[in-house]
Protein chains: 2
Amino acid sequence: MTIGTLAKMAGMHVETIRYYQRRGLVALPEKPYGGIRRYDENALARLHFIRSAQWLGFSLEEVGELLKLEDGTHCDETRALAEHKLEDVRRKIVGLKQMESTLDDLVERCRCSTDPQNCPIIHSLHTDLHQDRRSCANNNRDQLDARTDTQP
Amino acid sequence: MTIGTLAKMAGMHVETIRYYQRRGLVALPEKPYGGIRRYDENALARLHFIRSAQWLGFSLEEVGELLKLEDGTHCDETRALAEHKLEDVRRKIVGLKQMESTLDDLVERCRCSTDPQNCPIIHSLHTDLHQDRRSCANNNRDQLDARTDTQP
DNA sequence: GTTGAGTCTGTAGTCAGGTACGGAAGTAAG
DNA sequence: CTTACTTCCGTACCTGACTACAGACTCAAC
């Protein structure tokens, strides 16, 4: 099949596949002289593999590591990657739960507030919440990490 | 105080403050002719406010919205923003918990596996996991969103 | 009065994971 | 055989939240 068909079957854009090729996650099949590259079931399987790994939270870099272990004979190393990712995910959950409970509390206080001139949320943002928040830098993802990382 | 002192007190870099100024989140105080800008407690308070809001998961764009409501007299709008963010956060938690349980299960199966030539994790990535994963595009953050978003 | 640190301003680079585009060449349908 | 779609390839752009740097200027200490 052509790259367009492959993309359709994998449910992704042609450009995404090309991007994976550039990153070395997907092989670039031989091109017949002055012709067009053709892809087989293996290429599709690989795209599925990548998608699945991403779905579990692995970055493309990590997917690359997993692909090196793709033959299934390095169970320990694979498990180590998965365990590490599991810790990652759990750390993020802890961070998000902190957000959740604080937000929930704030919203609740806001609902019960009788003074419409002094919103409890704004008040908290001005007074309580900024203690020891120095390390919540970068973007949302890293923010979560930073909130819970042991080594900065 | 100068911007360097302000940065130190807020626990952030000078460049970050300048970035916030460019984004219109922090005011640029008047500069005396051929002199240097000075900042006061209000500037510091604003930086704390921004940090706190970020800690709750608000993006800088959303922080901008919150800052418009900073006088505390628009309790309903503020609460609406917080409720929306709370939903956001809960959606992300749901996504992460899916990852967590799948990873946990995979790691467990890997530990109990007796066939070191056929790693259950790799096997799953090849066969099970890629059903209906079409919408887990973009980066990790959006991936989480996509997994749980109702409106794509 | 000179040295070194801090400030100002503008612009460019970083990361991840793509997305978009332009121009040339190949391919499929009528 | 023409028209319209794909493919190929390289490069540039996108988001978000910074981070870095160059060159000119100012300020405080010695």
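The figures here come from the full heavy-atom set of this structure, side chains too, leaving out hydrogens, waters and symmetry mates. So that the names make sense, note that chain A is the first sequence line, chain B the second, and so on, each numbered from 1.
For B:L47 and D:dC18, the CG to P distance is 11 Å, given to the nearest whole Å. One atom, CE of B:M1, and another, C1' of D:dC27, lie 18 Å apart when rounded to the nearest Å. Following rounding to the nearest Å, B:R18 (CZ) and D:dA22 (P) show an atom-to-atom distance of 16 Å. For A:E61 and C:dA16, the CD to C1' distance is 10 Å, given to the nearest whole Å. The NZ-C1' distance, from B:K31 to D:dC27, rounds to 13 Å in whole Å. Rounding to whole angstrom units, CD1 of residue A:I17 and P of D:dC8 are separated by 10 Å. In this structure, B:L6 places its CG atom 13 Å from C1' of C:dT7, rounding to the nearest Å. Rounded to whole Å, atom C1' of D:dG16 lies 12 Å from atom CD of B:E62.
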Nucleotides 21-30 of chain C: protein proximity per nucleotide (B base, S sugar-phosphate only, - neither; heavy atom, under 4.0 Å): B----SS---
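For DNA chain D, the residues of residues 19-27 of chain B within the heavy-atom distance limit of 4.0 Å (strictly under) are B:Y19, B:Y20, B:R22, B:R23, sorted by number.
Contact between the side-chain N/O atoms of A:R37 and the OP1/OP2 oxygens of D:dC9 is found at a separation under 4.0 Å. Side-chain N/O atoms of B:T2 include none lying less than 4.0 angstrom from OP1 or OP2 on C:dG6.
B:R109 meets the salt bridge (charged side-chain N to carboxylate O under 4.0 Å, His left out) test with B:D105; sequence neighbours excluded. In this structure B:R46 satisfies the salt bridge (charged side-chain N to carboxylate O under 4.0 Å, His left out) test together with B:E70, sequence neighbours excluded. For B:S113, there are no side chain to side chain donor-acceptor pair (under 3.5 Å) partners, not counting sequence neighbours. Residues satisfying the side chain to side chain donor-acceptor pair (under 3.5 Å) criterion with B:S101, sequence neighbours excluded, are absent altogether. Scanning for salt bridge (charged side-chain N to carboxylate O under 4.0 Å, His left out) contacts around B:K97 gives an empty result, with sequence neighbours left out. Considering only residues two or more places apart in sequence or on other chains, B:E87 meets the side chain to side chain donor-acceptor pair (under 3.5 Å) condition with none of them.
Annotation: side chain of A:V14 is not in contact with side chain of A:L6 (no heavy-atom distance under 4.5 Å).
Evaluation of the side chain to side chain donor-acceptor pair (under 3.5 Å) test over residues 26-43 of chain B, restricted to residues two or more places apart or in two chains, returns B:Q21-B:Y39.
The listed nucleotides are D:dC8, C:dT7, D:dA17; the one nearest the side chain of B:S59 is D:dA17.
Between A:E15 and A:R22 there is no salt bridge, since no side-chain nitrogen of the basic residue lies less than 4.0 Å from a carboxylate oxygen of the acidic one.
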